[in-house]
Amino acid sequence: MKIYNTLSRKKETFKPIEKDFVSLYTCGPTVYNYAHIGNLRTYVFEDIFKRTLLSNGYKVKHVMNITDVGHLTSDEDEGEDKMDVAVAREKKTPEEIADFYADAFKEDISKLNILQPDIWCKATEHIADMIKLVERIEKNGYSYVGKNGNVYFDTSKFANYGNFAKLDLDNLQSGARIEIDEDKKHPRDFVLWFLTKGSKFKGHILKWNSPWGEGWPGWHIECSAMSIKYLGENFDIHCGGVDHISIHHTNEIAQAEAATGKKWVNYWLHGEFLIMKQGKMAKSVGNFVTLKSLTDKNYDPLAFRYMCLNTHYRKKLNFDWEGLDSARNALSTLRENIRILKETDGLKTAQEKIEDYRSKFLDAINDDLNMPRALEVVWKLIREEEHINNQKKYEILLEFDKILGLDLGRIETSSKIPKEIDALIKKREEYRKKKDWEKADEVREEIRKKGYIIEDAPEGIRVKPI
RNA sequence: GGCGUGGUACCCAAGCAGCAAGGGAGCGGUCUGCAAAACCGUUAUGCGUGGGUGCAACUCCCACCCACGCCUCCA
């Protein structure tokens, strides 16, 4: 399969370090608030990627972190800690906040049919690993202690700093948007370990002892430390959002490689943003839409998943409600077709035709996860009239769904129809038998008002909640 | 100011040198007592604008316009 590697800015043929085995690290959520659908788009992309790896026969070891250490509102040694803000807002302990939002996150991804990682790792449970990594960096001479006592990474010592993000270091306007920190040798240096004592922000709750004094870890160190712990000093793939390329991942690479002295990650994949009319969605901007706000409006979470699949992961996705409606309708037609295929038979099967569809589908997903093209194959197969029988179509579509994750086999059952509605349906049937259409239509309208739609399909009556 | 991405029908969106995928919506039709669902047909001589290279350009090159992202925590 081919994937676009941010390291080379090219599509590359994927070759894992170990045959048939893939080590995968995906940047996880910060848990001081709900995830929004922009965050979730990235996890959907990563899920499609993981499912594609699995369908190519790889065993995948997937690690995802949970950032339950607060981030400062600025990467400098100032600003409030977001976790502390949540603590003040919700009057809970940091642990309670973190657990609450981590659970909410897991619920969200489960609703989106996203496969769980093999290992969840919480930052607060790996402070010792982070300290060890900072010590290695220190021992190798890549760090210094500022006047305020914070430990900084010395980017000038790391020869390839910024190559990953193609940063033009000479032309970066440091301080253009943020205050230059006097304690750093260079504005682009970043904190490995914050010291409580030196911090301008005094109310910080989470803190630990370290060789440099009591404090808390710099933001970037957690991913480096935990991924190395679970996947080794050199592993296959690291994923995240595009916003992380220039700072977070650039710094992670610097730290990890300064500590180990070897190449850290072979492939980097980044998902593009979901944006609204007024720009990107961000927790810090506060213009975010959660999955719950979708389900509150009776959208199937998988309609959002379909919406994500309709655009390539490296392209910005414009979110609006019309677009979500469009995805919902498409998914519903798709499911309806699957149901019909399951329940009916058709023409004779031409095996070579099936193989043709299968290979086109696999070509699409293996070409840097081209899901719009994969969906095209799905629709063409659905509407294929000539050569493939319905049972075969049904089988192969469910096979495709192992990657799409749209739960296409799900059938909107009539099983939970209340007795009251059931009685009305019987009543309507009686009118229909007598050809009293007026009365029958009245009953249909009554059923509709109670929230159900009746369809007189050729094979019988179907009832669906609206 | 620097770096980057993108502008394809009413909307979303593939394609990226050789007859412009797919979905949604609209319209017309088949089916139906009527609906609904489903299906069929239909909607870009055109791919932001202006130049250039090529037998051939949405696809390559140059300029310009517009939008968005990153350079600050952020998916």
Side-chain angles (χ1 to χ4, degrees), chain A residues 9 26-30 32 35-46 67 70-76 79-82 162 165-179 188 219 239-248 250 270-275 277-285 288 306-307 309-312 314-320 322-334 336-337 339-340 364 370-380 382-383 385 432 435-438 440-441 444-445 448 453-458 461-462 464:
Chain A
R9 310 285 161 124
T26 55
C27 276
T30 49
Y32 53 82
H36 57 66
I37 57 174
N39 301 128
L40 294 170
R41 180 194 184 194
T42 299
Y43 300 108
V44 169
F45 136 64
E46 291 163 351
T67 300
H71 290 170
L72 298 184
T73 47
S74 153
D75 196 33
E76 307 307 306
E80 284 186 288
D81 179 291
K82 288 176 181 173
K166 299 205 184 301
L167 297 180
D168 181 354
L169 299 177
D170 295 332
N171 280 321
L172 278 185
Q173 282 203 329
S174 297
R177 298 174 65 192
I178 55 172
E179 296 273 313
R188 67 175 184 251
W219 173 44
C239 297
V242 281
D243 55 323
H244 283 152
I245 295 171
S246 60
I247 299 290
H248 181 48
T250 290
H270 293 93
E272 250 297 353
F273 272 135
L274 173 147
I275 57 176
K277 246 194 192 127
Q278 54 284 49
K280 76 163 180 173
M281 195 176 284
K283 288 185 191 179
S284 52
V285 179
F288 62 91
Y306 186 99
M307 191 181 187
L309 266 45
N310 202 34
T311 303
H312 191 265
R314 282 192 286 114
K315 248 187 112 177
K316 290 180 189 74
L317 168 64
N318 286 297
F319 177 83
D320 58 44
E322 291 75 21
L324 187 60
D325 283 341
S326 170
R328 170 172 64 183
N329 293 345
L331 180 58
S332 144
T333 304
L334 207 48
E336 182 65 10
N337 270 284
R339 189 192 59 75
I340 292 167
N370 196 325
M371 301 321 285
R373 240 170 71 206
L375 285 176
E376 172 191 338
V377 177
V378 167
W379 284 106
K380 284 202 168 145
I382 288 267
R383 296 194 163 143
E385 287 278 310
R432 290 187 72 211
K435 295 195 192 296
D436 188 347
W437 308 125
E438 210 171 299
D441 289 352
R444 180 168 63 196
E445 188 51 31
R448 201 188 143 69
I453 285 180
I454 296 227
E455 292 172 9
D456 304 326
I461 299 158
R462 274 205 305 279
K464 285 200 291 200

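Letters A, B, ... are given to chains in the order of the sequence lines, protein chains preceding strands, and every chain is numbered from 1. These figures come from a predicted structure and were not determined experimentally.
- Following rounding to the nearest Å, His312(A) (NE2) and rC16(B) (C1') show an atom-to-atom distance of 14 Å.
- By the 4.5 Å heavy-atom criterion applied to side chains, Phe319(A) and Met307(A) are counted as neighbours.
- For the pair Arg448(A) and Ile453(A), the minimum side-chain heavy-atom distance is below 4.5 Å.
- Each of Thr42(A), Val242(A), Leu317(A) was evaluated against Glu272(A); a single residue qualifies, Val242(A), per the side chain to side chain contact (heavy atoms under 4.5 Å, CB included) test.
- Nearest-nucleotide positions on RNA chain B place Lys380(A) closer to the 5' end than the other of Lys380(A) and His248(A).
- Nearest nucleotide to the side chain of Thr311(A), out of rC71(B), rA14(B), rA21(B): rA14(B).
- For Ile275(A) and rU5(B), the CD1 to P distance is 16 Å, given to the nearest whole Å.
- Between Arg373(A) and Glu376(A), no side-chain nitrogen of the basic residue sits less than 4.0 Å from a carboxylate oxygen of the acidic one, so the salt-bridge criterion is not met.
- Spacing between rC27(B) and rU8(B) at atom C1', rounded to whole Å, works out to 23 Å.
- In this entry the distance linking CD1 of Ile37(A) with C1' of rA75(B) reads 12 Å, nearest Å.
- Atom CG in Leu334(A) sits about 16 Å away from atom P in rA37(B), given to the nearest Å.
- Minimum heavy-atom separation, Arg462(A) to Ala457(A): NH1-CB, 3.4 Å.
- When side chains are defined from C-beta on, Thr311(A) counts as touching Arg41(A), because their heavy atoms get closer than 4.5 Å.
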Using a 3.5 Å limit on both pairing distances, list the dot-bracket string of RNA chain B from the 5' end; Watson-Crick and G-U wobble pairs count, crossing pairs take [ ], interstrand pairs take |.
(((((((..(((.....[...)))((((((.......))))))....(((((..]....))))))))))))....
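- rA37(B) sits 11 Å from rC31(B) when the C1' atoms are compared, rounded to a whole Å.
- Across all strands, Gly240(A) comes closer than 4.0 Å only to sugar-phosphate atoms, never to a base (heavy-atom distances).
- Straight-line distance from the NZ atom of Lys315(A) to the C1' atom of rA14(B): 8 Å, rounded to whole Å.
- For rC62(B) and rG23(B), the C1' atoms lie 36 Å apart once the distance is rounded to whole Å.
- Within the 4.0 angstrom heavy-atom criterion, only backbone atoms of the sugar-phosphate kind lie near His244(A); the bases stay farther away.
- Each of Ser246(A) and Ile340(A) was assigned the nucleotide of RNA chain B with the nearest heavy atom; the assignment lying further toward the 5' end belongs to Ile340(A).
- Separation of the P atoms belonging to rG41(B) and rG22(B) is 10 Å when rounded to the nearest angstrom.
- With its glycosidic angle more than 90° from 0, rG15(B) is assigned anti.
- At a threshold of 4.5 Å between non-hydrogen side-chain atoms, the residues Thr333(A) and Trp379(A) count as touching.
- Between Asn337(A) and rC39(B) there is a side-chain polar atom (N or O) within less than 4.0 angstrom of OP1 or OP2.
- Rounded to an integer number of Å, the gap from CE of Met307(A) to C1' of rA14(B) is 16 Å.
- Taking atom P in both rG15(B) and rG48(B), one finds a spacing of 15 Å when rounded to whole Å.
- When distances are taken from the side chain of Asn370(A) to each of rA75(B), rA13(B), rA14(B), the shortest belongs to rA14(B).
- The gap from the P atom of rC10(B) to that of rC47(B) amounts to 13 Å, rounded to the nearest Å.
- Looking at heavy atoms from C-beta onward, Phe288(A) lies out of side-chain contact with Asn39(A) at the 4.5 angstrom threshold.
- Nucleotides rC70(B) and rU45(B) are separated by 37 Å at their P atoms, to the nearest Å.
- Contact detail for Val378(A) and Leu334(A): the closest heavy-atom pair is CG1-CD1, 3.7 Å.
- Using a 4.0 Å heavy-atom cutoff across all strands shown, Lys435(A) reaches no nucleic acid atom at all.
- When the C1' atom is used for both rC60(B) and rU42(B), the distance is 35 Å, rounded to whole Å.
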How would nucleotides 23-36 of chain B be written as a contact map, 5' to 3', with B for base contact, S for sugar-phosphate-only contact and - for no contact, using protein heavy atoms under 4.0 Å?
BSS-------BBBB
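- Leu40(A) places its CG atom 10 Å from the P atom of rA75(B), with the value rounded to the nearest Å.
- Heavy atoms only, all atoms of each residue included: Glu46(A) and Gly240(A) are closest at OE2-N, 3.7 Å.
- Residue-environment remark: CD (Glu445(A)) exceeds the threshold of 12 foreign heavy atoms within 6.0 Å.
- Across the protein-nucleic acid pair, Leu324(A) atom CG and rA13(B) atom C1' stand 16 Å apart, rounded to whole Å.
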